[in-house]
Structures are given as structure tokens and as C-alpha cells.
Novice: 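Pasting a structure below so you can have a look.
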Amino acid sequence: MNFLRNYLDKQKPKFEKGGKLEKFHSVFTGFESFLFVPNTTTSSGAHIRDAVDLKRTMIIVVLALIPALLFGIYNVGYQHFNAVGGLADTTFFQLFFYGLWKVLPMIIVSYVVGLGIEFAVAQMKGHEINEGFLVSGLLIPMIMPVEAPLWMVALSTAFAVIIGKEIFGGTGMNIWNPALLARAFFFFSYPSMISGDKVWIAGDTADAISQATPLAQMALGQPLTYSTADMFWGFIPGSVGETSAFCILIGAVILLLTNVASWRTMISVFVGGYLMALIFQPISGVEAYQQLLMGGFAFGAVFMATDPVTSAQTNTGKYVYGLLIGAMAVIIRCINPGYPEGMMLAILLMNTFAPLIDWFVVQANIKRRLKRAKAVAN
């Protein structure tokens, strides 16, 4: 690492003002800050000293996503060979590498397109490159159908970065979760590529047998053919990262232990979803706890709803925000059979209203303090 540090120090003058490569200063600083902790500090004004910077926060989230990603890759192979009838003759590594062959190109496309746009925008504006897309670039392919054409993934990623982030000022300024915005663009632009049974199973022969997702079965009023154990461990069709509640739970523990995610938001989403699922249980015909294991509910509660940029900021607001997300997700699932997965729309909707929730919480606190002040004065 000393060799790399010394090499960067030698090259740095070329990218500073007056150097022959000064136009690429933002690109150089982006790579340098990704590899090493910046050696600059604030010299004036109020500031907070903390060992956890944006880069470390993003890396922790990526690490928390790894269990769900690895299992999702394996499950892509599992679902494919289960559909074509060759599951008994395959090994673990055959299943995993088949899934890797399908998922890795999506990850590469997401990062190349997203980071390419962010580098270009930073270069044009002369700004530093943020590390925010480290997470979004991994989340996007994890919530896409495995059979999504790569050019559609690229276009959805570009829309999310340009419209969802850069138009608002970049990382930390966006009002909607960029990964969910990419999926929303994909869903409304190419609905045939994200609906039906075949899109969740990799391979041209995936229609050999019916492989409806649990959400699709619920929407059609059919009894679930998957056990609770299958839904918990993740042996069901679905997006790459959303099937295994167990692996998502591991990620949740990592985020909570490192204080990266808010437990108030996370728990509130599950509570809101469970209570609403109890109310709609006679209509859906599905046990309330099973609603929490189906589709992208758990993944959205852990990795999407807790996004510190787009979620509520006040403690009370986090409870309200999370409860409404969970409740809205189940309502959309049960009332609109044409769109059985309601988690995406629920989170995007509450992203929009998160500042309003915080405003009401702050105003309520102000009123209470004024009342206490008047009582003391009297």
C-alpha cells in the first residue's frame, strides 16, 4: 500500500491547478479518496470530527448486501435448473456459477453506466466525486428481473442517476431512492419485462414448468405452493437480492450494529406491514407474517426505507414514516392485483412525504415547548 500511496503522491501535482492534467482533478481525487482516507481537514467554521465518513458508511452497506447477493446468485441457478428439471444432477458450484454468469453482467452495466455519468457530471462541474453510487450501483441489479436486457438496465440506471440524483445536486440532495427510481422507470417503461413468471427465471427454457412467485399466486387468489421455510431461506423465484429473508436479516444486523441504519424506521416498517396484513388477511388469504417474507418487503424495509437521505430525519418521524411504508405496501398488494408488489411505490411515496412528516413533528415539538413556557411563566 505504501507503493501505491507514493505513486499517487508523485502523480498528484499533474492533476492540481497548473498541472497538465488539471481538468481531470475531480477524477483523480475520486480514485484517491476511494483508495485512501483523504488527508485534508476543515480549517474553519463548525464541523464534526468522526471516524465514520461517507465512504465507510457506503462500504458497510455494501458488506451488508453481500449475503443477499451471494445467495441471490445461487438462487438464480437453482430456479433455472429447477424449472428445466435438471436440479438433481447439478452441484452447488454449477448453480452458483450459472447465476454469476447471469447476474455479473447486470452489476457491471450498472456500475459502468452510473459511475460514468457521475464522473462526467463531476468533471463538468468541477466537483468531487461522491461515493453514494457504490450502494446504488449494487442495489439496482439486485432488484431487477434476472432476465432484464442489459440495455434496459443501463437506461434505467442512467435515468436514476440523472433524474434521481444529479438534477437535485448529487449524493445527499436527492429526494427519492435512486435504486427504486431505476426500478420504477423499468416497470413503467417496460411492464412486460417485469411481469409474468418467466422474467424471474433465467434461461430461454424457463417456461418448462410454472414458476409463479408467491406474490403472483396471492394476486391470482391461488393457494401458496411455497412453504414458509422456502420463503424464509429464499428458495423462491424473484429478484436477485430479495428472495432470502435470512440473508436480509444478516444484513439488517450489520446495519444496526454499526448504526448505519435506523432501527426505528426498520422495525416500524415491519410493524406497519404486519398490522395491515392482519386486517387484509381475510381478503388476501395469506398469513400476516408471510406477507413480510414475500417479494421485496424485507429487502425494502432493511435497505431502502432506511436510506438516511430520503427517509424521515426526526425520531418520531421515523416511526410514522416506517409505519406508513409497511401499511401502504400491503394495501397496494391486496387492493391492486395488477401490481402485487407494493413495496417500491410505498417507499417512493413516503420519500416524497418524509420532509412533510418531519415538519409536522418539529411543529408539534415547538407547540409543546411554547405551552410549557407559558405554564412556567404563569
Side-chain angles (χ1 to χ4, degrees), residues 45-50 52-54 56-58 60-61 64 130-133 135-136 139 160-161 163-184 251-252 255-276 296-332 342-374:
H47 53 275
I48 299 174
R49 297 182 182 274
D50 198 314
V52 181
D53 58 6
L54 180 61
R56 283 175 172 76
T57 300
M58 295 298 102
I60 289 173
V61 179
N130 301 123
E131 294 89 349
F133 196 76
V135 173
S136 299
L139 283 172
V161 175
I163 304 300
K165 287 185 62 179
E166 299 304 337
I167 201 171
F168 291 102
T171 300
M173 307 297 290
N174 50 293
I175 63 175
W176 295 296
N177 186 289
L180 284 178
L181 208 58
R183 175 160 171 152
L255 294 180
L256 294 177
L257 289 179
T258 55
N259 292 322
V260 170
S262 168
W263 64 267
R264 294 178 176 85
T265 302
M266 197 181 296
I267 297 299
S268 296
V269 175
F270 284 107
V271 171
Y274 181 78
L275 293 177
M276 191 57 64
F297 192 97
F299 192 85
V302 172
F303 295 107
M304 303 292 195
T306 57
D307 177 11
V309 175
T310 57
S311 66
Q313 303 300 309
T314 60
N315 287 339
T316 303
K318 290 174 182 177
Y319 289 121
V320 177
Y321 172 82
L323 286 169
L324 289 175
I325 286 177
M328 286 295 299
V330 175
I331 290 173
I332 296 172
M343 199 61 179
M344 176 189 75
L345 291 181
I347 295 176
L348 289 175
L349 179 64
M350 296 317 301
N351 284 167
T352 306
F353 287 100
L356 186 60
I357 293 173
D358 283 334
W359 184 85
F360 278 113
V361 171
V362 171
Q363 292 302 310
N365 287 337
I366 291 174
K367 290 179 180 179
R368 282 196 296 269
R369 290 178 180 179
L370 288 175
K371 286 182 179 179
R372 287 199 297 267
K374 290 180 180 179

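Atoms considered below: every heavy atom in the structure, side chains included; atoms not considered: hydrogens, waters and symmetry mates.
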Novice: Closest heavy-atom contact between Ala160 and Pro178?
Specialist: CB-O, 3.1 Å

Novice: So how far is it from Leu255 CG to Trp263 CH2, rounded to the nearest 0.5 Å?
Specialist: 15.5 Å

Novice: What distance do Ile347 atom CD1 and Leu181 atom CG have between them, rounded to the nearest 0.5 Å?
Specialist: 12.5 Å

Novice: How about Phe168: does its CZ atom have over 12 heavy atoms from other parts shown lying under 6.0 Å from it?
Specialist: yes

Novice: Given Val269 and Met343, is the side-chain contact (heavy atoms from CB on, under 4.5 Å) satisfied, shown in steps?
Specialist: CA-CA 10 Å; Val269 175; Met343 199 61 179; 3.6 Å; yes

Novice: Under the 3.5 angstrom rule, does the side chain of Asn174 hit a backbone N or O of Gly164 as a donor-acceptor pair?
Specialist: no

Novice: Is a side-chain N or O of Gln313 found less than 3.5 angstrom from the main chain of Pro355, in a donor-acceptor match?
Specialist: no

Novice: Under the side-chain contact (heavy atoms from CB on, under 4.5 Å) criterion, do Phe270 and Phe297 qualify, and how do the steps go?
Specialist: CA-CA 8 Å; Phe270 284 107; Phe297 192 97; 3.8 Å; yes

Novice: Roughly how far, to the nearest 0.5 Å, is the OG1 atom of Thr316 from the NZ atom of Lys318?
Specialist: 10.5 Å

Novice: What distance separates Met350 CE from Leu356 CG, expressed to the nearest 0.5 Å?
Specialist: 9.0 Å

Novice: Between atom CG of Asp307 and atom CG of Asn351, what is the distance when rounded to the nearest 0.5 Å?
Specialist: 7.0 Å

Novice: Can you name the nearest heavy-atom pair linking Ser262 to Thr306, along with the distance?
Specialist: O-CG2, 4.0 Å

Novice: Nearest heavy-atom pair of Val330 and Gly273: which atoms, and what distance?
Specialist: CG2-O, 3.4 Å

Novice: Evaluate side-chain contact (heavy atoms from CB on, under 4.5 Å) for Ile366 paired with Val362, printing each intermediate quantity in order.
Specialist: CA-CA 6 Å; Ile366 291 174; Val362 171; 4.0 Å; yes

Novice: side-chain hydrogen bond (donor to acceptor under 3.5 Å, both in side chains) between Trp176 and Thr352: does it pass, once the steps are laid out?
Specialist: CA-CA 7 Å; Trp176 295 296; Thr352 306; 2.8 Å; yes

Novice: To check you understand the geometry: which heavy-atom pair defines the closest contact between Ser311 and Tyr321, and what is its length?
Specialist: CB-CE2, 3.4 Å

Novice: Kindly compute the distance separating CE (Met276) from CG (Leu323), expressed to the nearest 0.5 Å.
Specialist: 9.5 Å

Novice: Please report the shortest heavy-atom distance between Ile325 and Ala305, naming the atom on each side.
Specialist: CD1-CB, 3.8 Å

Novice: What is the minimum heavy-atom distance between Ala184 and Leu348, and which atoms define it?
Specialist: CB-CD1, 3.8 Å

Novice: Go through it in stages, so that I can follow the logic: the residues are Tyr319 and Ile357, the test is side-chain contact (heavy atoms from CB on, under 4.5 Å), and I'd like the CA-CA distance, side-chain angles, deciding distance and then a yes or no.
Specialist: CA-CA 10 Å; Tyr319 289 121; Ile357 293 173; over 6 Å; no

